[in-house]
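Structure first, then comments.
Any value given below was found using the heavy atoms of this structure, including those in side chains, with hydrogens, waters and symmetry copies removed.
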Amino acid sequence: MAASSAITGFSSSTIKDTESSCVRRRCTAGRSHQLMTHQATPRICFSGHLRECISMQSLSNHRLHPIGSVTCLSASDSPSTTQTNTSEVRTGSGLACIPLSAPHGPAGTKYHEPSMGSSDQMDEALGVPLPSQQAVLSVPRLRDYIDSLPQHVNPLFHSRYFHPTRKFWISETDMVAQNIAVDIVDPSSHKQTFFHRAGPRYHVRFTAEEVKAAIVTCGGLCPGLNSVIREIVHALWFQYGVRSIYGIQGGYRGFYSAELVRLDPRLVDHWHNCGGTKLGTSRGGFDLEKIVNAIQQQGLNQVYVIGGDGTMRGAVAIYEEIRKRKLKVSVVGLPKTVDNDVGIIDRSFGFLTAVEKAREAVNAAHVEAESTPNGVGLVKLMGRNAGHIALHATLGSRDVDCCLIPEVPFFTEGSGGLFEFVEQRLAENGHCVLVVAEGAGQDLIESSSGPKERDMSGNPALQDIGLWLSKSLKEWWKNTHPKELFALKYIDPTYMIRAVASNATDTAYCTLLAHSALHGAMAGYTGFVAGPINGRFCYIPLEEVARTQQLVDLNDHTWAWVKSVNNQPDFASGEENG
């Protein structure tokens, strides 16, 4: 079919060509009805006659099938229900098929809501109503390898801060859907993964008296670290009555090389107003045997690990060793990365604060650039493998002429290159602002030091793309415009951005993240990460997060919007998108 689009910066892969692309308004399973709303994306324009044929004939005559708990009906359909089926449940060892019963099944099928007074109904899955092509990503539990693990009524039931009703408690059948944007006439888009919803369970596997919790921060700094620590301590203390809470000093090596720091609400009360981490952090120092031995010898039974992808890989190893030793220890990951490159979850805490501060640097670069003849403002932002900060700071500023990220290669000299683009912008506007992520253009930098060095986390040491671009731009201008003025101001706000306290939005996020994590630990989950998916906090297996990275999706509309806002060319091909 012939179709045309005159939208600047958008490739054909980002254009939605049907009215059937919809978004689920509810992303949690366990409800009988779902509302579907049209997805807000560009459409390919068809002729009026063809559009009428598609909407009135093809769609009306197409009989749609249930999608999870969504049943889409044509005009001739009568209400129907999802049938009982088998579905896949992904565990740490792979995928397994289990029989599933539908809460809203055929006539006569009853949905047994867990009774708050029952012993196991709140913890045992009664079944999830999913079509066979959909899966539940299961989270490990202590009872998977510990026999006769006692359970207790959640102390929140008697808490003066809560007034729990039946709907307050989260059951095993409460799920969060990963894919909420579907094409209702395309069965291939209906593949779905569900995650256990985070929140308080009616039964817990720890008593307040037996809990000895430890919190550790690893890797680089990030806004919100102290907020997460504070909220874990406050929630354990005031919600669950836990009094034995400790901090691990200096990252993973602190388990075996430093004394435990006793934490209480009074000590951590103002920590959320401070940047960095009061517990200290470091890279490296991971010795699995020493760490698990220290956990066992010190009697720790809840370990909250705050860090990025490398830290999460370490947490996976700790969980597996603890499981091998059959210790009653919950290992919980709280993903932290200012780059926002942790996979699966919506975003990491501290990211919005980083974007906010990055925008201030971009604004300063813009002021400097437009204040001098042929002024260029160059800002280097964080983003080793993913350019999320650079991308969102560019969208938030609107003063940027060009955004360079690791996911998109570029070249500098020659027709269609970066330098030619800068030259054009200077001729048009008299100034130019460039934003570059630290991981961009590494292939362009000639290294005289031989093989790339690695940092203590095992990551390749990056060359400074900001300094290299600054030097290269000055040399190029001197050679091509020897008699014209040129002023370049280079700004690197990296450490100013990551060392600040979290803003209001990230601080609120940290509270929900911490509460979600400890609810899971108290309920006996282990080897999991707490994080938001489609705005709902849920539990994700540690190993899934550790092996997944979230890069900028070049086929998504966001990157196309950046190019259209900047009127920025595709340097890889030398073609203009507008």
Going by distance alone, is a donor N or O of one side chain under 3.5 Å from an acceptor N or O of the other, for Ser502 and Thr353?
-> no
pair Tyr202-Val153: side-chain heavy atoms closer than 4.5 Å | yes
Side chain proximity check, Phe168 to Pro200, heavy atoms < 4.5 angstrom | yes
Are the side chains of Trp169 and Asn154 in touch, meaning some heavy atoms are under 4.5 Å apart?
-> yes
Is the side chain of Gln178 donor-acceptor paired with the backbone N or O of Phe194 at a distance under 3.5 Å, no angle test?
-> no
Side-chain donor-acceptor contact under 3.5 Å, Glu321 with Tyr319 = no
Side-chain heavy atoms of Ile232 within contact of Leu334, under 4.5 Å | yes
For Pro155, all residues meeting side chain to side chain contact (heavy atoms under 4.5 Å, CB included), sequence neighbours excluded | Val204, Tyr240
Under 30°, 30 to 60°, or over 60°: which ring-plane class applies to His515 and His519, parallel, tilted or perpendicular?
-> perpendicular
Quick check: does any side chain N or O of Arg141 sit under 3.5 Å from a backbone N or O of Gly524, one acting as donor and the other as acceptor?
-> no
Test item: Tyr252 side-chain N/O and Thr311 main-chain N/O as donor-acceptor pair under 3.5 Å = yes
Is there a side chain to side chain contact (heavy atoms under 4.5 Å, CB included) between Val303 and Ile295 once you walk through the steps?
-> CA-CA 9 Å; Val303 178; Ile295 291 172; 4.1 Å; yes
For Ile306 and Leu225, run side chain to side chain contact (heavy atoms under 4.5 Å, CB included): C-alpha distance rounded to whole Å, both residues' side-chain angles, the deciding distance at 0.1 Å, then the answer.
-> CA-CA 8 Å; Ile306 310 171; Leu225 283 169; 3.6 Å; yes
Tell me yes or no: between the side chains of Thr337 and Asp339, is some donor less than 3.5 Å from an acceptor?
-> no
Indicate yes or no: at least one non-hydrogen side-chain atom of Thr526 is less than 4.5 angstrom from one of Leu542.
-> no
Within the distance-only criterion (no hydrogens, no angle test), does the side chain of Lys336 pair as donor or acceptor with the backbone N or O of Gly220 below 3.5 angstrom?
-> yes
Could you please spell out the steps behind the side chain to side chain contact (heavy atoms under 4.5 Å, CB included) verdict for Arg323 and Asp144?
-> CA-CA 9 Å; Arg323 181 177 181 129; Asp144 293 341; 3.9 Å; yes
So how far is it from Phe195 CZ to Leu137 CG, rounded to the nearest 0.5 Å?
-> 5.0 Å
Looking at side-chain heavy atoms only, is the closest gap between Gln302 and Val329 below 4.5 Å?
-> no
Hey, does the side chain of His388 reach the backbone of Gln550 with a donor-acceptor pair shorter than 3.5 angstrom?
-> yes
Short question: side chain of Glu407, backbone of Val552 - any donor-acceptor pair under 3.5 Å?
-> yes
Ile389 side chain reached by Val338 side chain, heavy atoms, under 4.5 Å = yes
Identify whether the distance between the nearest side-chain nitrogen and carboxylate oxygen of Glu172 and Arg197 falls below 4.0 Å.
-> no
Please check if the side chain of Asp556 supplies one atom and the backbone of Asp553 the other of a donor-acceptor pair under 3.5 Å.
-> no
Nearest-0.5 Å distance, CG of residue Asn385 to CG of residue Leu551 = 6.5 Å
With a 3.5 Å cut-off and no angle check, do the side chains of Glu356 and Asn503 form a donor-acceptor pair?
-> yes
Listed by chain and number, what are the salt bridge (Lys or Arg N to Asp or Glu O under 4.0 Å) partners of Arg347, not counting sequence neighbours?
-> Asp506
Are side-chain heavy atoms of Asn566 and Trp561 found at a separation under 4.5 Å?
-> no
Does Tyr145 reach the main-chain N or O of Leu327 with its side chain, forming a donor-acceptor pair under 3.5 Å?
-> yes
Whether Lys191 side chain and Ala135 backbone form a donor-acceptor pair below 3.5 Å | no
Ignoring hydrogens and geometry, is there a side-chain-to-backbone donor-acceptor pair from Ser348 to Asn340 under 3.5 Å?
-> no
